[in-house]
Chemist: 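My questions all concern the structure below.
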There are 2 protein chains.
Amino acid sequence: MSTAEETAGGEAQPWGEVTPDAARRLLLAAVEAFAERGYHATTTRDIAGRAGMSPAALYIHYKTKEELLHRISRIGHEKAVEILRTAARAEGGPAERLADAVSSFVRWHAGGRTTARVVQYELDSLGPDARAEILALRRQVDAEVRGIIEEGVRSGDFDVVDVQGTTVAVLSLCIDVARWFNVDGPRTPEEVGALYADLVLRMVGARAAGAAQR
Amino acid sequence: MSTAEETAGGEAQPWGEVTPDAARRLLLAAVEAFAERGYHATTTRDIAGRAGMSPAALYIHYKTKEELLHRISRIGHEKAVEILRTAARAEGGPAERLADAVSSFVRWHAGGRTTARVVQYELDSLGPDARAEILALRRQVDAEVRGIIEEGVRSGDFDVVDVQGTTVAVLSLCIDVARWFNVDGPRTPEEVGALYADLVLRMVGARAAGAAQR
DNA sequence: GGCAAGGGTGAGCGGGCGCTTAGTGCGCCC
DNA sequence: GGGCGCACTAAGCGCCCGCTCACCCTTGCC
């Protein structure tokens, strides 16, 4: 039976596609460990231990420790592209779609903070080939957001001087959520998403920006 | 001869206070190495090698590898606080001071990217005590920016619903510059600083925000 | 029941890690 | 100008890393 799509924001089981059950448990354990201590500070013994297996079991499903990071990074980036693409292709005006894109992207970074941390901050630990593959996905992420902003400028909904610079700033704002967000903190992912969507609309000078908030 | 204060933005020699010359060279080497590969992926042999010394030389000036990170982190954070405090206490209205704070903070993150990277992203590699000390400095950073925004709201210059949330977002934007900025890229630290100052003024709904840009 | 396949384990290899120690060269003070 | 102190080095200790290998269970098919 096909695993049903989970509700937005959380990271219920985005790893359903990783097929042997033991391989998925190992991957999940690696995500946790990498997010907590970083790739280099994590040992293969720690990963295997979290998955309830012996150190050697890891090498039945993955060639190296780096392959684990590579897989996590690719799946995570694909999810990020999917989130932004869905928002970009939705119905509604540029402002509506940009707000939607930002709030879901932020919710993903806050709610699935462990995954997002690995995805966004452990890129440099990959080898050159894997790194290049991931960078291509990043360019897609950038293009989706830039597309919405360009459209808003063309239609006159947005007032932006430097489209590329503003695109970088918008993504930057969302991505950094993975660094500071704390699950035990005072804000829910949804609240941060809503706040950030409003702030971004202001950044692009959307007509009537923030009007709905006041 | 006293080392003259360097011009703003760069990181010519902010480590003048580190006194034995060899200790400073080691620290500088550590900053480079940590920024490039991360704390855990950097070996003491690498640090000593970059400083042109034998591995053992490191332990004459520093007790452990972690002490190097601790020192770098503290000096870096003190510099960050100083930059923001200077901007916050300057003359002029809230908008002017906020723009000044953001642009100099961004210039520091972009120009001194190696230092800023270590300062912002290697915090978790510190032990609990050192970490707590650094977190106190971070609270000061937050307080300086929040102070300017609060003042702007009181005076009616800014229109902000969620002061703390907006403060986090503003700092977030600046800090993330250390992650993506590329010295060989198309923008200078000054250009990014100016762009970000404008974007932040829009975020806080400053009266006539961006008017000077158009 | 016999047997092949494959997920899993215990033990351990080679190597590089953080850090130490014994010794060396050199400048400075009396 | 002899001795002391200190910055520094060569060598290496003990440890733990990523990863491997020989072997062991369980499962499914004839």
Side-chain angles (χ1 to χ4, degrees), chain A residues 15-73 118 122-131, chain B residues 15-73 118 122-131:
Chain A
W15 307 104
E17 68 234 67
V18 184
T19 39
D21 180 73
R24 179 168 54 250
R25 269 161 46 221
L26 283 165
L27 204 99
L28 220 51
V31 169
E32 265 185 43
F34 291 163
E36 267 177 37
R37 311 136 100 98
Y39 175 77
H40 287 292
T42 300
T43 69
T44 54
R45 284 163 176 83
D46 181 25
I47 297 171
R50 286 176 194 243
M53 299 163 115
S54 78
L58 197 151
Y59 294 90
I60 295 163
H61 301 283
Y62 302 94
K63 255 194 310 214
T64 63
K65 177 178 151 186
E66 198 198 316
E67 193 192 325
L68 268 166
L69 178 60
H70 184 190
R71 280 245 236 273
I72 292 168
S73 202
V118 179
E122 299 293 346
L123 179 63
D124 291 340
S125 304
L126 288 171
D129 292 354
R131 202 180 132 86
Chain B
W15 307 104
E17 69 234 66
V18 183
T19 37
D21 180 73
R24 180 169 53 249
R25 269 161 44 221
L26 283 165
L27 204 99
L28 219 50
V31 170
E32 263 185 44
F34 291 163
E36 268 177 37
R37 311 135 99 97
Y39 175 77
H40 287 291
T42 299
T43 69
T44 53
R45 284 162 177 82
D46 182 26
I47 296 169
R50 284 176 195 244
M53 300 163 114
S54 78
L58 197 152
Y59 294 91
I60 294 161
H61 301 283
Y62 302 95
K63 256 194 311 211
T64 61
K65 175 179 151 186
E66 196 197 318
E67 194 192 325
L68 268 167
L69 178 60
H70 184 191
R71 279 244 236 273
I72 292 167
S73 202
V118 179
E122 299 293 345
L123 179 63
D124 291 339
S125 304
L126 288 170
D129 292 354
R131 202 180 132 87

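Reminder, nothing fancy here: chain letters follow the sequence lines and each chain counts from 1.
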Chemist: Is the shortest heavy-atom distance from the side chain of B/Leu126 to the side chain of B/Tyr39 under 4.5 Å?
Modeler: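 Of all side-chain heavy-atom pairs linking B/Tyr39 with B/Leu126, none is under 4.5 Å.
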Chemist: Please find the pair of heavy atoms, one from A/Ile72 and one from A/Val118, that lie closest to each other, and give the distance.
Modeler: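 Nearest heavy atoms, A/Ile72 then A/Val118: CG2-CG1, 3.8 Å.
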Chemist: Is the closest side-chain heavy-atom distance between A/His40 and B/Thr42 below 4.5 Å?
Modeler: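 Counting from C-beta outward, A/His40 and B/Thr42 never come under 4.5 Å.
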Chemist: Which parts of residues 57-68 of chain A get close to DNA chain D, meaning a heavy atom less than 4.0 angstrom away?
Modeler: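 Nucleic-acid contacts, sorted: A/Tyr59, A/Thr64, A/Lys65.
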Chemist: State which of D/dC21, D/dC17, C/dG18 makes the closest approach to the side chain of B/Thr44.
Modeler: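 Taking heavy atoms from C-beta onward, the closest nucleotide is C/dG18.
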Chemist: Evaluate the criterion side-chain contact (heavy atoms from CB on, under 4.5 Å) for residue pair B/Arg25 and B/Asp21; output intermediate values, then yes/no.
Modeler: CA-CA 6 Å; B/Arg25 269 161 44 221; B/Asp21 180 73; 3.3 Å; yes
Chemist: Show the nearest heavy-atom pair for residues B/Leu69 and B/Glu122, with the distance to one decimal.
Modeler: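 Smallest heavy-atom distance, with atoms named: CD2-O, 3.7 Å.
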Chemist: Select one nucleotide: of C/dC17, D/dC19, C/dT21, the one nearest the side-chain heavy atoms of A/Pro55.
Modeler: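 Among the listed nucleotides, the one closest to the side chain of A/Pro55 is D/dC19.
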Chemist: What pair of heavy atoms forms the shortest contact from B/Glu66 to B/Gly127, and how long is it?
Modeler: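 In terms of heavy atoms, the two residues are closest at OE2-N, 2.9 Å.
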Chemist: Polar atom pairs between nucleotides 25-29 of chain C and protein, under 3.5 Å, N or O only, would you list them?
Modeler:
none

Chemist: D/dC8, OP1 or OP2 - any side-chain N/O from B/Ser54 closer than 4.0 Å?
Modeler: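 Answer is no, no contact under 4.0 Å.
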Chemist: Is it the case that the base of C/dG16 and the side chain of B/Arg45 share a donor-acceptor contact (distance under 3.5 Å, atom types as modelled)?
Modeler: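 No.
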Chemist: May I have the distance from B/His40 (atom NE2) to D/dC16 (atom P), rounded to whole angstrom?
Modeler: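 So the NE2-P distance, B/His40 to D/dC16, works out to 16 Å.
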Chemist: Show the nearest heavy-atom pair for residues A/Leu26 and A/Ala57, with the distance to one decimal.
Modeler: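 A/Leu26 and A/Ala57 have their closest heavy atoms at CD1-O, 4.2 Å.
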Chemist: Salt-bridged, B/Glu32 to B/Arg37, with N to O below 4.0 Å?
Modeler: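 No, this pair does not count.
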Chemist: Taking CE from A/Met53 and C1' from D/dC19, how many angstroms apart are they, rounded to a whole number?
Modeler: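 Those two atoms, CE and C1', are 16 Å apart.
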Chemist: Take the protein atom CZ of B/Arg24 and the nucleotide atom C1' of D/dA7, then report the distance between them rounded to whole Å.
Modeler: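 It works out to 16 Å between those atoms.
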Chemist: Do A/Glu36 and A/Arg50 sit within salt-bridge range, that is, some charged N less than 4.0 Å from a carboxylate O?
Modeler: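 Judged by the 4.0 Å cut-off on N to carboxylate O distance, A/Glu36 and A/Arg50 do form a salt bridge.
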Chemist: Could you pick out which residue, A/Ala56 or B/Gly52, lies toward the 5' side of DNA chain D when each is mapped onto its nearest nucleotide?
Modeler: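 The 5'-side residue here is B/Gly52.
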